[in-house]
Amino acid sequence: MRISVSADMDEPVARLLLDELTRRGHDVRPHGALRPGADAQWAACSEAAAREVADGTTDQAVVCCWTGTGASIAANKVPGVRAALCTDAVTADGARRWNDANVLALSLRLTSEPLLKEILDAWFAAEPSDDPEDRRNVARVGRLDAARSDS
């Protein structure tokens, strides 16, 4: 899988994320503080990673900032992106399953190595739900994107 990864700071957990995704066999595209010369502002690097998901350059993204909140907000401004701030494996599973999230947002402050691995395990193991109610909700979010781009 092709995965964009962004972080606004070159923190150990961000480097661990790159290493872990590569170890799992993913093709990783770094952004922000993880790529020399790139704009490391959380809004800019999160947008860059999210745009790659929206345009199909990558399949998914992981965006990181100190709390994860700014990264998730910036990513969610890109039409077609459904970013979820996940602080545990159960939330990551639900975000993929019920929300068909395609961008994982993480906190550089809260995410430890064991927690990172648990979150990634849950994220990649979960499949989007086929339940009609879940699909209707995801479709509604898509219509919100379309309405925003029409205005």
Side-chain angles (χ1 to χ4, degrees), residues 1-11 13-65 68-87 89 91-108 111 116-151:
M1 184 180 299
R2 297 164 304 163
I3 302 176
S4 298
V5 177
S6 71
D8 65 341
M9 295 183 289
D10 192 353
E11 291 287 313
V13 71
R15 288 291 167 182
L16 176 65
L17 172 62
L18 290 177
D19 293 344
E20 185 63 21
L21 290 171
T22 301
R23 186 188 69 74
R24 292 174 184 229
H26 301 292
D27 176 15
V28 179
R29 297 177 53 108
H31 294 276
L34 304 174
R35 194 178 91 212
D39 189 341
Q41 295 292 315
W42 58 262
C45 64
S46 298
E47 176 191 2
R51 286 207 182 280
E52 289 187 338
V53 173
D55 71 18
T57 302
T58 60
D59 303 299
Q60 295 183 2
V62 182
V63 297
C64 308
C65 67
T69 305
S72 66
I73 291 169
N76 274 316
K77 295 297 183 180
V78 176
V81 167
R82 292 174 304 282
L85 175 56
C86 299
T87 57
T91 303
D93 174 77
R96 287 286 300 132
R97 187 174 316 281
W98 300 312
N99 311 127
D100 195 4
N102 52 12
V103 175
L104 170 63
L106 296 173
S107 166
L108 294 172
T111 309
L116 174 66
K117 291 178 180 179
E118 290 172 11
I119 290 170
L120 292 176
D121 286 345
W123 181 266
F124 291 118
E127 292 289 329
S129 169
D130 288 331
D131 180 271
E133 183 177 338
D134 295 333
R135 298 314 314 157
R136 281 192 301 273
N137 277 303
V138 172
R140 184 178 188 115
V141 171
R143 289 192 302 277
L144 291 171
D145 279 342
R148 182 173 58 200
S149 64
D150 288 342
S151 27

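A heavy-atom distance below 4.5 Å is found between the side chains of Asn102 and Val81. A 4.5 Å side-chain heavy-atom check between Pro128 and Arg97 finds every atom pair outside the cut-off. Between Thr58 and Val53, the closest side-chain pair of non-hydrogen atoms falls below 4.5 Å. Counting only heavy atoms from C-beta outward, the side chains of Val28 and Leu17 never approach each other to under 4.5 Å. Within the 4.5 Å cutoff, side-chain heavy atoms of Glu20 are placed close to those of Lys117. In this structure, Phe124 and Leu104 have side chains that are not in contact, with every pair of non-hydrogen atoms separated by 4.5 Å or more.
Partners of Ser129 by side chain to side chain donor-acceptor pair (under 3.5 Å), not counting sequence neighbours, listed by chain and number: Asp134. Looking at residues two or more places apart in sequence or on another chain, you find a side chain to side chain contact (heavy atoms under 4.5 Å, CB included) between Ala101 and Ala84, Ala95, Trp123. Applying the side chain to side chain donor-acceptor pair (under 3.5 Å) criterion to Asp130, with sequence neighbours excluded, gives no partner residue. For Asp121, the side chain to side chain contact (heavy atoms under 4.5 Å, CB included) partners at least two apart in sequence or on another chain are Arg24.
Evaluation of the salt bridge (charged side-chain N to carboxylate O under 4.0 Å, His left out) test over residues 34-50, restricted to residues two or more places apart or in two chains, returns Glu47-Arg51. Applying the ring pair (Phe, Tyr, Trp, His ring centres under 6.0 Å) test to residues at least two apart or on different chains, none of the pairs has a partner in residues 37-60.
A salt bridge links Arg96 with Asp100: the closest approach of a Lys/Arg side-chain nitrogen to an acidic carboxylate oxygen falls below 4.0 angstrom.
In this structure, Ala92 and Ala122 approach most closely via the heavy-atom pair CB-CB, 4.3 Å. Ala49 and Ala61 make their closest contact through O-CB, 3.9 Å (heavy atoms, listed as atom of the first residue, atom of the second, distance). Ala33 approaches Ala40 most closely through the heavy-atom pair N-CB, 3.7 Å. The shortest heavy-atom contact between Ala14 and Ala7 is CB-CB, 3.9 Å. Ile119 approaches Ala89 most closely through the heavy-atom pair CG1-N, 3.9 Å.
Note that CG of Leu21 and CG of Leu116 are 7.5 Å apart. Values are rounded to the nearest 0.5 Å. If you take CD on Glu11 and CG on Leu34, they are separated by 10.5 Å, rounding to the nearest 0.5 Å. In this structure, Glu127 CD and Asp93 CG are separated by 10.5 Å, a value rounded to the nearest 0.5 Å.
Other residues, nucleotides and ligands contribute only 12 or fewer heavy atoms inside 6.0 Å of the CD atom of Gln41.
Here the rule is side-chain contact (heavy atoms from CB on, under 4.5 Å) with Arg82, and of Asn99, Val103, Asp145, Val141 only Val141 fits it.
When atom types are taken as modelled, the side chain of Thr111 and the backbone of Leu108 share no donor-acceptor pair closer than 3.5 angstrom. Formation of a donor-acceptor pair under 3.5 Å by the Arg15 side chain with backbone atoms of Asp10 is not found in this model.
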Original post:
Stepwise, does the side-chain hydrogen bond (donor to acceptor under 3.5 Å, both in side chains) test hold for Glu52 with His31?
Top reply: CA-CA 11 Å; Glu52 289 187 338; His31 294 276; 3.0 Å; yes
